[in-house]
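All remarks here apply to the structure that follows.
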Amino acid sequence: MNHIYKTVNRYYQAFESYEEIITLRSPWLLLSLASIFCMGYTFFWYMDFISEPLFDFSKKNRLFFTFGFEVIAIICWLRLQHLKEQKIIKKMQSKFNQSTCNLTKLKSIWFERTIGIKNTEYIDLAKNLDTFLHLKESHKSSLSITGREIGALFFSPDSKNRILAMFMGLCAVTMALCIAAGTNINTIFDLLKNESLFQLFFYTGFISALIISSFLVIRYLILLVYVGLELLIGKADGLNSKSKQRVSIFINQLLMLHVIEKARIKSNQTTQKDK
């Protein structure tokens, strides 16, 4: 099965890797990290954890700075994804001598020329790979452990419940710090005091957008850490990497490109002749 892993890693390096995109020389990465830092800094400024005022703004307007930096961080991440796609498209156009800018079409050409089977048989290969993963996982030695498995104890793309628990714990710590700083329900009443109905709706929508964007930034930061670790581990393993995550991505792409073979329907004349 080593040749399968090599094929999986070739696909990952060709279409999924952020190599040469997420680097310390990338201005978009540096801008996103600076925005995340400023987001946290302005939030602590709003919570009065920072005693020195940055600007002469009322407390209820300070969250606009936090939201602004969140939006910048999200835009930077979208820009990095766009740069990755453009890099992949140009590379595959040159490799296959194609003019299409359709990434899905380029992936389809790569699979046709690499794995050498019809796209109507992709689902069979996906089933075989999935069965292989389950068998390998269920029959592996209980005494063996790899560096990737050690890293998975702290973070894994499948550990959504653990990440959610960590996020809820972070929220609980933040609330505890707010209470310790003297924040209570009166703070909310002071924020909404003497506001019109339109302003109340505006603040409700703004706070909702702030929470959603905060979740996206935290998710982006976790993914950024994961991608960084993946790049380091991937460089060390090369084409011999046996990452289950990469195989899962490969299987998902096989399912997306699979084509159901058209059924052959006999005409009425042929049916009558048979009778």
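Both backbone and side-chain heavy atoms feed into the values below; hydrogens, waters and symmetry mates do not.
Ring pair Phe69/Phe37: centre-to-centre distance not below 6.0 Å. Tyr18 has its ring centre less than 6.0 Å from the ring centre of Trp77.
Enclosure of atom NZ in Lys105 is not indicated, since only 12 or fewer non-hydrogen atoms of other residues, nucleotides or ligands lie within 6.0 angstrom.
Of the possible polar contacts, none joining the Asn252 side chain to the Ser248 backbone as a donor-acceptor pair under 3.5 Å is found. At distances below 3.5 Å, not a single donor-acceptor pair connects side-chain atoms of Asp130 with backbone N or O atoms of Ala126. Between the side chain of Ser26 and the backbone N or O of Ile22, no donor-acceptor pair lies under 3.5 Å. A distance-only check finds no donor-acceptor pair linking the side chain of Ser94 to the backbone of Lys90 [under 3.5 Å].
For the pair Leu103/Glu85, a side-chain contact is recorded, criterion being any heavy-atom separation below 4.5 Å from C-beta on. Between Lys87 and Leu83, the closest side-chain pair of non-hydrogen atoms is not below 4.5 Å. The shortest side-chain heavy-atom distance between Leu257 and Thr104 falls under the 4.5 Å cut-off.
Within the model, atoms CG of Leu125 and CD1 of Ile251 stand 8.0 Å from one another, a figure rounded to the nearest 0.5 Å. Taken to the nearest 0.5 Å, the OG1 atom of Thr114 stands 11.0 Å off from the CD1 atom of Ile109. To the nearest 0.5 Å, the span separating NZ on Lys107 from CD1 on Ile88 amounts to 7.0 Å. In this structure, the separation between CH2 on Trp28 and CG on Leu80 is 8.5 Å, given to the nearest 0.5 Å. Here the CD atom belonging to Gln253 is positioned 3.5 Å from the OH atom belonging to Tyr11, to the nearest 0.5 angstrom.
Ile115 and Phe132 end up in the same hydrophobic cluster when Ile, Leu, Val, Met, Phe, Trp and Tyr side chains are linked at under 4.5 Å. Taking hydrophobic clusters as Ile, Leu, Val, Met, Phe, Trp and Tyr residues chained together by side-chain heavy-atom distances below 4.5 Å, Val8 shares a cluster with Ile117. No continuous path of ILVMFWY side-chain contacts below 4.5 Å connects Met256 to Ile123, so the two sit in separate hydrophobic clusters. Linking Ile, Leu, Val, Met, Phe, Trp and Tyr whenever their side-chain heavy atoms come within less than 4.5 Å leaves Val259 and Leu255 in two separate clusters.
The aromatic rings of Phe250 and Phe111 are tilted relative to each other, their planes meeting at an angle between 30° and 60°.
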Checklist entry - Stepwise, does the side-chain contact (heavy atoms from CB on, under 4.5 Å) test hold for His82 with Leu78? => result CA-CA 6 Å; His82 176 73; Leu78 294 176; over 6 Å; no
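Under 3.5 Å, the side chains of Tyr220 and Ser32 contain a donor-acceptor pair of N or O atoms.
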